[in-house]
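Computation of the quantities below employed the complete heavy-atom set of this structure, encompassing side-chain atoms and omitting hydrogens, waters and symmetry-equivalent molecules.
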Amino acid sequence: MVRLRNGIQSAESIAALHAAGVIRTDAPFADDQVQPASLDLRLGQRAYRVRASFLPGRTRDVQACLGKLKLHEIDLRQGAVLETGCVYIAELQEGLALPPTLAASANPKSSTGRIDVFTRVITDQAREFDMVEPGYAGPLFAEISPRTFPVLVRTGSRLSQIRFRQGAVRLDDAALAELHAEAPLVDAAEPSFQGGVAVSVDLAGFEGLIGYRAKRHTGLVDVDRPRSYPAADFWEPLRADGSGTLILDPGQFYILASKEAVQVPPDFAAEMVPFDPLVGEFRVHYAGFFDPGFGHAAAGGAGARAVLEVRSRDVPFMLEDGQIVGRLIYERMAERPAALYGAQAGSNYQAQGLKLSKHFV
């Protein structure tokens with residue numbers, strides 16, 4: 001039995017949970033699969049094209065739902081193309097047998113969000129996406145829906161990540177202000193603490209560039225091939241025009257960056273709230289996990305911006321430079337991880353500015 005402290009579980013605890021059978025896998029962990037405060041989830045051998053997204057609810061498991069909704073089965077062992085506008089359910093290699101005090105939550109990996117692949121984790125008897133209740137024992141599945149680029153995936157591809165949490169460890173606004181006074185969380189002159197730390201969008205530009213808009217009808221992206229695709233084939237650069245504004249077109253996907261540099265101290269983990277209805281009719285940041293050490297100077301991340309994956313909802317929406325677009329929530333770690341984000345070979349986005357996913361050059 002693993003003795004756990006309250007907080008977000010570190011890489012060391014995740015390894016211990018795996019050794020104890022709390023995290024069950026079809027194959028041993030890959031060398032870089034465990035992150036400082038999360039675990040990458042790997043696609044299994046099969047996926048299913050389904051007619052519609054779904055939640056099983058209290059009385060059903062995922063396989064029972066697939067029996068009614070699947071259109072065809074896909075073998076992922078040799079690789080398969082997932083088309084835009086379609087919904088797929090994939091088996092994951094990881095399963096869980098959580099103790100009664102331990103819960104989990106999932107999110108797309110940063111590189112997944114930056115290529116506009118919408119993915120979320122489902123459990124048997126689930127009533128919410130991306131949430132795993134304390135004591136859950138069973139398999140994990142990923143719903144996958146490419147929005148802009150068709151993608152090539154295979155058994156072992158990693159699109160999602162999961163965090164393990166014991167206890168109520170989210171910082172309230174007073175605790176956020178106190179932590180910010182000790183170790184600035186953002187470099188804003190007057191930070192806003194209201195349900196998290198406010199993050200605004202930078203439309204002044206990075207050497208004249210304010211962001212990227214995804215092209216449509218492109219070639220596919222192999223999710224396991226970093227630094228393999230010319231950015232110009234997939235992205236249209238957006239240049240600053242002096243207005244400090246950008247009108248988001250419905251159905252278009254944008255990569256923008258925060259005006260603030262963000263820091264996650266070593267004893268904390270953070271998450272971007274994916275959509276805040278108080279700030280406008282758009283969604284920001286599909287991939288919400290920020291590991292301990294992100295943007296931390298001691299881990300080589302001084303000045304790291306939050307990259308924003310933005311999509312407008314239904315109507316055109318005008319963003320203005322400095323407008324709040326989301327909020328970062330912070331949670332206490334159960335223990336400080338031995339290696340912070342940025343100290344690993346797979347830390348692709350430490351000290352980032354305005355940056356596309358690792359797939360593009």
Side-chain angles (χ1 to χ4, degrees), residues 8 37 105 107-108 110 113-114 163 168-206 210-211 238 240 243-248 254-297 301-313 317-333 341 349-355:
I8 301 295
S105 61
N107 244 316
S110 293
R114 294 187 202 200
R163 271 185 178 168
V169 295
R170 178 173 169 175
L171 274 63
D172 61 19
D173 293 341
L176 282 172
E178 183 177 343
L179 177 61
H180 178 77
E182 298 173 1
L185 305 178
V186 292
D187 63 356
E190 297 181 359
S192 168
F193 305 106
Q194 185 179 354
V197 184
V199 175
S200 66
V201 64
D202 191 331
L203 296 180
F206 298 77
I210 63 171
L238 301 174
S243 70
T245 64
L246 174 66
I247 295 178
L248 304 176
Y254 299 83
I255 296 291
L256 306 174
S258 68
K259 183 167 284 290
E260 300 83 7
V262 173
Q263 179 184 187
V264 183
D267 295 310
F268 297 86
E271 182 177 354
M272 179 76 79
V273 177
F275 173 68
D276 187 345
L278 297 177
V279 300
E281 290 299 312
F282 58 92
R283 180 185 174 99
V284 60
H285 216 293
Y286 286 93
F289 287 163
F290 290 72
D291 274 339
F294 179 87
H296 190 59
R305 308 292 184 97
V307 165
L308 310 170
E309 299 119 15
V310 179
R311 180 182 288 279
S312 183
R313 296 181 62 192
F317 187 86
M318 187 177 74
L319 285 179
E320 297 186 73
D321 184 48
Q323 181 175 345
I324 294 174
V325 293
R327 296 186 183 275
L328 278 172
I329 61 173
Y330 283 75
E331 296 179 290
R332 292 182 176 85
M333 293 291 296
Y341 186 86
Y349 305 116
Q350 186 67 298
Q352 68 183 357
L354 175 65
K355 188 172 183 180

Residues in side chain to side chain donor-acceptor pair (under 3.5 Å) with Thr245, at least two apart? Ser243
Once side chain to side chain donor-acceptor pair (under 3.5 Å) is applied, what residue pairs with a partner in residues 255-269 remain, sequence neighbours excluded? Ser200-Glu260, Lys259-Asp321, Gln263-His296, Asp267-Arg336
Distance check, rounded to the nearest 0.5 Å: Leu328 atom CG versus Phe294 atom CZ? 9.0 Å
Which residues share a side-chain contact (heavy atoms from CB on, under 4.5 Å) with Ala198, sequence neighbours left out: Ser192, Ile324, Arg327
Side chain proximity check, Leu248 to Val310, heavy atoms < 4.5 angstrom: yes
Nearest heavy-atom pair of Ala304 and Gly295: which atoms, and what distance? CB-CA, 3.7 Å
Show me the side-chain donor-acceptor pairs of residues 170-191 shorter than 3.5 Å, one per line, residues at least two apart or across chains.
| residue | atom | partner | partner atom | Å |
| --- | --- | --- | --- | --- |
| Arg170 | NH2 | Gly195 | O | 3.3 |
| Asp172 | OD1 | Ala174 | N | 3.3 |
| Asp172 | OD1 | Ala175 | N | 2.8 |
| Asp173 | OD1 | Gly195 | N | 2.9 |
| Asp173 | OD2 | Gly195 | N | 3.2 |
| His180 | ND1 | Leu185 | N | 3.0 |
| Asp187 | OD1 | Ala261 | N | 3.0 |

Kindly compute the distance separating CD (Glu271) from CG (Asp291), expressed to the nearest 0.5 Å. 11.5 Å
Interatomic spacing from CD1 in Ile247 to CD in Glu320 - rounded to 0.5 Å: 10.5 Å
Can you list the residues that meet the side chain to side chain donor-acceptor pair (under 3.5 Å) rule with Arg332, with sequence neighbours excluded? none
Taking all non-hydrogen atoms of both residues, which atom of Phe289 and which atom of Ser105 are closest, and how far apart? CZ-O, 3.7 Å
So which atom in Ile210 and which in Ala204 form the shortest heavy-atom distance, rounded to 0.1 Å? CG2-C, 4.2 Å
Would a 4.5 Å heavy-atom cut-off, applied to side chains only, mark Leu256 and Leu246 as touching? yes
Taking the side chain from Arg163 and the backbone from Asn107, do they hold a donor-acceptor pair closer than 3.5 Å? no
Give, for atom CE of Met272 and atom CD of Glu309, the distance between the pair rounded to the nearest 0.5 Å. 9.0 Å
Could you report the tightest heavy-atom contact between Ala269 and Met333, atom names first, then the distance? CB-SD, 3.9 Å
